[in-house]
Amino acid sequence: EVQLQASGGGLVQAGGSLRLSCTASGFTFGDSAVGWFRQAPGKEREGVSCLSLFDRSIYYRDSVKGRFTISVDNSKKNTVYLDMNSLKPEDTAIYYCAFPVLCSEYGVNAAANDYWGQGTQVTVSS
């Protein structure tokens, strides 16, 4: 079965850290791009970060630059991570991984026929 499985969310205090993981089953990322999105209650989904395995382009939305880091397990190329540090209450959202995505240093968007993880809740208390 082809699917993405996300994990790592939780409840943390402001200033804390979390590592989100998203593992692909039934496929690898190859030379395409993988990304993270999030959706807070009452808000639209927004792109958080992406990484292109083709040209190594990386994107972070402005609000997470310097705090979040995206990476891929280079040995198997089937797991993407999002290391989140110095978390803020405004980072509270459900985080989703997606593959493939349209990724450049300027932004990330969902692509046709993409796969999505089930989402993992991140809650940051003040």
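- You'll find the side chain of Phe29 reaches within 4.5 Å of the side chain of Val80, heavy atoms only.
- Within the 4.5 Å cutoff, no side-chain heavy atoms of Ile70 are placed close to those of Phe68.
- With sequence neighbours left out, Lys65 forms a side chain to side chain donor-acceptor pair (under 3.5 Å) with Asp62.
- Cluster annotation: Ile58 and Val108 are assigned to distinct hydrophobic clusters (Ile/Leu/Val/Met/Phe/Trp/Tyr, side-chain heavy-atom contacts under 4.5 Å, transitive).
- More than 12 heavy atoms of other shown residues, nucleotides or ligands fall within 6.0 angstrom of atom CZ in Phe27.
- Qualifying salt bridge (charged side-chain N to carboxylate O under 4.0 Å, His left out) partners for Arg61, counting only residues two or more places apart in sequence or in other chains: Glu46.
- Val34 places none of its side-chain heavy atoms less than 4.5 Å from the side chain of Pro100.
- Under the rule for a salt bridge (charged side-chain N to carboxylate O under 4.0 Å, His left out), the partners of Asp83 that lie at least two apart in sequence or sit in another chain are Arg19.
- Under the 4.5 Å side-chain criterion, counting only non-hydrogen atoms from C-beta, Thr69 is not in contact with Tyr81.
- Looking at residues two or more places apart in sequence or on another chain, you find a side-chain contact (heavy atoms from CB on, under 4.5 Å) between Ser17 and Asn85.
- Hydrophobic clustering, with ILVMFWY side chains joined whenever heavy atoms are under 4.5 angstrom apart, keeps Phe37 apart from Tyr60.
- Annotation: side-chain hydrogen bond (donor to acceptor under 3.5 Å, both in side chains) contacts involving residues 21-32, sequence neighbours excluded, comprise Thr23-Thr79.
- Identified under the disulfide (SG to SG under 2.5 Å) test for residues 30-67, with sequence neighbours left out: Cys50-Cys103.
- Within the structure, the side-chain hydrogen bond (donor to acceptor under 3.5 Å, both in side chains) test picks out the following pairs touching residues 99-115 (sequence neighbours left out): Asp114-Trp116.
- Summarising the geometry of Ser52 relative to Asp55, their closest heavy-atom pair is OG-OD1, 3.0 Å, with the distance given to 0.1 Å.
- Taking the side chain to side chain donor-acceptor pair (under 3.5 Å) definition, one finds that Ser86 meets it with nothing, sequence neighbours left out.
- One hydrophobic cluster holds both Leu18 and Leu4 under the rule that ILVMFWY side chains link at heavy-atom gaps under 4.5 Å.
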Could you give the side-chain donor-acceptor pairs of residues 118-126 under 3.5 Å, partners two or more places apart or in another chain?
| residue | atom | partner | partner atom | Å |
| --- | --- | --- | --- | --- |
| Gln118 | OE1 | Ala6 | N | 3.0 |
| Gln118 | NE2 | Ala6 | O | 2.8 |
| Thr120 | OG1 | Gly9 | N | 3.0 |
| Gln121 | NE2 | Ala93 | O | 3.4 |
| Gln121 | NE2 | Thr123 | OG1 | 3.3 |
| Ser125 | OG | Val12 | O | 3.4 |

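- For the side chain to side chain donor-acceptor pair (under 3.5 Å) test, residues two or more places apart in sequence or in another chain that qualify with Arg67 are Asp91.
- Every pair passing disulfide (SG to SG under 2.5 Å) that includes a residue from residues 13-49 is listed here, sequence neighbours excluded: Cys22-Cys97.
- By the ring-ring contact (aromatic ring centres under 6.0 Å, His included) test, Tyr59 is found to be paired with no residue, residues two or more places apart in sequence or in another chain being considered.
- Under the 4.5 Å side-chain heavy-atom criterion for Ile, Leu, Val, Met, Phe, Trp and Tyr, Leu82 and Tyr96 are members of distinct hydrophobic clusters.
- By the criterion of side-chain heavy atoms lying less than 4.5 angstrom apart, applied directly or through intervening Ile, Leu, Val, Met, Phe, Trp or Tyr residues, Val64 is not grouped with Ile94; the two fall into different hydrophobic clusters.
- For the pair Phe99 and Ala33, the tightest heavy-atom approach, listed with the atom from each and the gap, is CD1-O, 3.3 Å.
- Remark: Leu51 CG to Ser71 OG distance equals 8.0 Å, nearest 0.5 Å.
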